[in-house]
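A short worksheet on the structure shown next.
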Protein chains: 2
Amino acid sequence: MQDPSVRPTLATVAKLAGVSVASVSRVLNGMPASPEMESRVIDAVARTGYVPDAFARSLRARRTNQLALAVADVGNPVYVAMMRAIDASLRTTDYRLVLHSTEADLGAELDLLGTMRHGYVDGLILQSLRVGSELLAEITRLTIPTVVIGLLPDEVPIDNVRTDTRQGMRLAVEHLVATGRRRIALVNGPIDTVPGVARWTGFAEAMTAAGLDVDAAPVEVSADFTHVAGLEAVRRLLARTAPGAIDAIACSNDLIAMGALRALAEHGLRVPDDVAVTGMDDTDLAAMCNPPLSSVSTGAAERGATAARLLLERIEDPELPPRRCTVPPRLVVRESTAGGTSAASSGTRRPAEPAELMRGEP
Amino acid sequence: MQDPSVRPTLATVAKLAGVSVASVSRVLNGMPASPEMESRVIDAVARTGYVPDAFARSLRARRTNQLALAVADVGNPVYVAMMRAIDASLRTTDYRLVLHSTEADLGAELDLLGTMRHGYVDGLILQSLRVGSELLAEITRLTIPTVVIGLLPDEVPIDNVRTDTRQGMRLAVEHLVATGRRRIALVNGPIDTVPGVARWTGFAEAMTAAGLDVDAAPVEVSADFTHVAGLEAVRRLLARTAPGAIDAIACSNDLIAMGALRALAEHGLRVPDDVAVTGMDDTDLAAMCNPPLSSVSTGAAERGATAARLLLERIEDPELPPRRCTVPPRLVVRESTAGGTSAASSGTRRPAEPAELMRGEP
DNA sequence: TTGAAAGCGATACCAC
DNA sequence: GTGGTATCGCTTTCAA
């Protein structure tokens with residue numbers, strides 16, 4: 001701790017230790033050196049309060065040991081789950097994860113990619129809701145290894161981890177039909193998003209397959225994938241439909257479903273007795289809702305872990321051909337869709353964990 | 001787009017444009033140059049696909065235009081609210097925000113601070129649950145401007161934004177008492193954390209002030225500040241107390257309170273009829289719960305905005321004396337503590353927004 | 001206005 | 001094992 005006004009550099013340390021900068025660098029990087037040398041350097045470093053400069057180091061070493069994860073909305077627990085999985089995968093490496101939230105804003109995403117081009121990270125995992133030509137163009141110009149989580153057009157030569165949410169929505173609707181629901185509504189996220197389109201398609205397919213009239217089904221579009229928007233969307237839905245016209249609501253994700261639970265409670269409607277509700281993503285919020293929410297898992301943790309693996313592999317070998325991994329959706333049944341049977345509803349005294357039935361895809 | 005195997009540098013561009021690297025640099029940085037020069041450079045940049053190298057630039061310019069926010073748990077919406085507020089404050093500047101989640105792990109925090117020392121950011125906002133001597137030592141060694149959100153010992157000369165959660169907990173308990181509750185339990189977060197201690201103290205003070213016996217009050221400690229841990233804590237609480245022994249649960253934060261709502265539902269207990277519940281932080285989750293959760297706002301957005309302001313000011317003028325800002329807690333009443341009167345409970349048909357009564361501190 | 005050249009701080013290659 | 005030094009890519013004097 002010397003004069004704090006001037007930052008110590010390698011040269012400072014070297015002079016104080018009476019050795020060369022090269023030697024200081026070596027000791028600091030754990031390369032072979034005599035014990036004598038080591039102690040002198042360690043001592044000098046301590047006395048100067050020296051800390052290596054990240055830029056200078058990265059300038060030479062061409063690496064930062066940082067990876068970035070960019071998600072549309074850090075407020076959505078599904079991305080938190082992803083992040084945790086990625087973080088865990090990185091724990092055995094010496095990479096650190098930094099997080100960027102783009103707030104589902106195209107401008108912010110483009111901007112971020114721009115600074116990523118030769119930015120402060122060695123690799124990027126990007127999760128985007130709206131993968132358009134603009135974004136794709138920017139991604140392909142990226143000079144750092146990149147993995148995209150989400151649905152990418154087939155011809156794009158970028159590592160990609162995806163899940164079939166179209167099938168996921170089918171699972172949800174099939175489950176509702178199987179438990180006796182017929183007047184099924186959809187509360188979707190924005191339809192100018194990739195997941196919005198996929199979930200709408202899955203809904204339509206499942207309804208048709210069940211012999212139900214899609215065109216007659218109440219469909220509401222939420223302003224975004226948050227619970228606030230979901231709450232408003234379901235309020236609109238309930239306001240414009242006759243009482244009893246709906247006996248189930250399939251929601252595009254858990255946050256929207258949470259808003260649905262709230263809106264239904266506001267209207268004095270009981271879940272699942274009057275209306276069943278399904279979410280998607282199976283976030284940790286689902287089990288915590290009142291009543292607990294049936295949800296289609298989109299394998300967030302698995303997608304995160306896979307993305308991390310792909311990224312590390314690509315950093316290791318940039319020549320790898322682009323890879324594509326798909327994580328299958330999986331229905332997790334909880335109380336919000338309990339059947340017309342004597343299944344326990346939320347108010348019932350039952351201290352034990354609700355049984356969570358798992359079902360693979362059909 | 002030339003040979004992608006070798007990254008274009010200033011020299012590449014300069015050669016292609018037939019000018020000096022200095023001129024290219026100038027044009028790129030918007031310094032005066034002849035139109036002729038400008039067009040040649042622009043053209044060459046486009047043809048080479050040149051992107052400036054962040055490290056080399058930062059090495060000279062000594063700035064990254066990046067600020068970091070490190071929080072204990074990105075999965076907690078209170079930090080998301082903070083982040084949004086910070087992000088908004090930064091929108092008028094040309095700083096970008098990167099996020100780090102330390103998972104409330106001291107090792108991770110220290111590690112992070114280590115790499116921050118002369119790291120890839122120009123400033124840091126740190127939110128920590130356990131501000132111990134070790135962490136403080138590391139913070140004071142930081143060479144970049146830093147603002148800490150959370151309770152810091154008085155003598156520490158670091159910019160600090162705080163809220164009085166001790167008083168916040170008092171507000172919650174006073175409210176419970178005022179609405180007729182007497183058998184009040186506390187579900188606290190870990191007591192080796194700063195907020196854990198503060199909230200316990202506030203609870204004890206308010207109970208005593210109300211003439212209630214703190215020592216007889218059921219107190220349960222949650223493993224952390226998440227809803228999963230909260231759920232487990234409240235299950236334990238209910239398992240070990242006689243039915244009817246509790247008519248209110250004051251929770252240390254909204255996530256724990258959410259777990260409490262779930263645990264109470266499991267036990268067939270109605271909220272607020274049988275048991276009232278309060279949370280803390282007034283996250284956007286609170287209004288979304290069933291029933292909506294009364295919560296003590298800790299001014300997350302305001303704290304975030306304030307922290308951003310302090311940080312920008314300090315970057316501007318490193319010589320400023322350390323500052324300390326306090327945001328007062330504020331009670332937000334919702335249905336989970338509706339009084340013994342005829343107040344609407346969760347199942348009541350009422351499409352409108354629940355009235356949210358605000359109360360300043362006494 | 002433009003170009004030449006001196007760094008920024010650390011790393012790694014090359015002799016010794 | 002150790003020291004000298006070229007080098008990473010860019011910014012910024014200083015002359016011309």
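Treat the numbers as computed from the prediction; the structure is a model and nothing was measured. Here is the naming used below: chain letters follow the sequence lines, and residue numbers restart at 1 for every chain.
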Quick one: is B/Ser34 getting a side-chain N or O under 4.0 Å of the C/dT2 phosphate, OP1 or OP2?
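For C/dT2, OP1 or OP2 has a side-chain N or O of B/Ser34 closer than 4.0 Å.
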
Can you tell me the distance, in whole Å, between the CD atom of A/Glu38 and the C1' atom of D/dT2?
13 Å

Do B/Val71 and B/His100 have side chains that approach each other closer than 4.5 Å (heavy atoms only, starting at C-beta)?
no

Is B/Asp105 reaching over with its side chain to a backbone N or O of B/Ala108, donor-acceptor style, under 3.5 angstrom?
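It does hold such a pair.
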
Keeping the roles fixed (side chain from A/Arg314, backbone from A/Asp159), state whether a donor-acceptor pair exists under 3.5 Å.
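Answer holds: no.
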
Per-nucleotide protein contact string for nucleotides 9-16 of chain C, where B marks a base within reach and S marks sugar-phosphate only (heavy atoms under 4.0 Å, - for neither)
BBBBB---

Indicate every side-chain donor-acceptor pair of residues 13-28 of chain B with a distance under 3.5 Å to a residue at least two apart or in another chain.
unit_1: B/Ser20; atom_1: OG; unit_2: B/Ala22; atom_2: N; d: 3.4
unit_1: B/Ser20; atom_1: OG; unit_2: B/Ser23; atom_2: N; d: 3.2
unit_1: B/Ser20; atom_1: OG; unit_2: B/Ser23; atom_2: OG; d: 3.1

Interatomic distance, CZ@A/Arg84 vs CG@A/Leu97, rounded to 0.5 Å, equals 12.0 Å

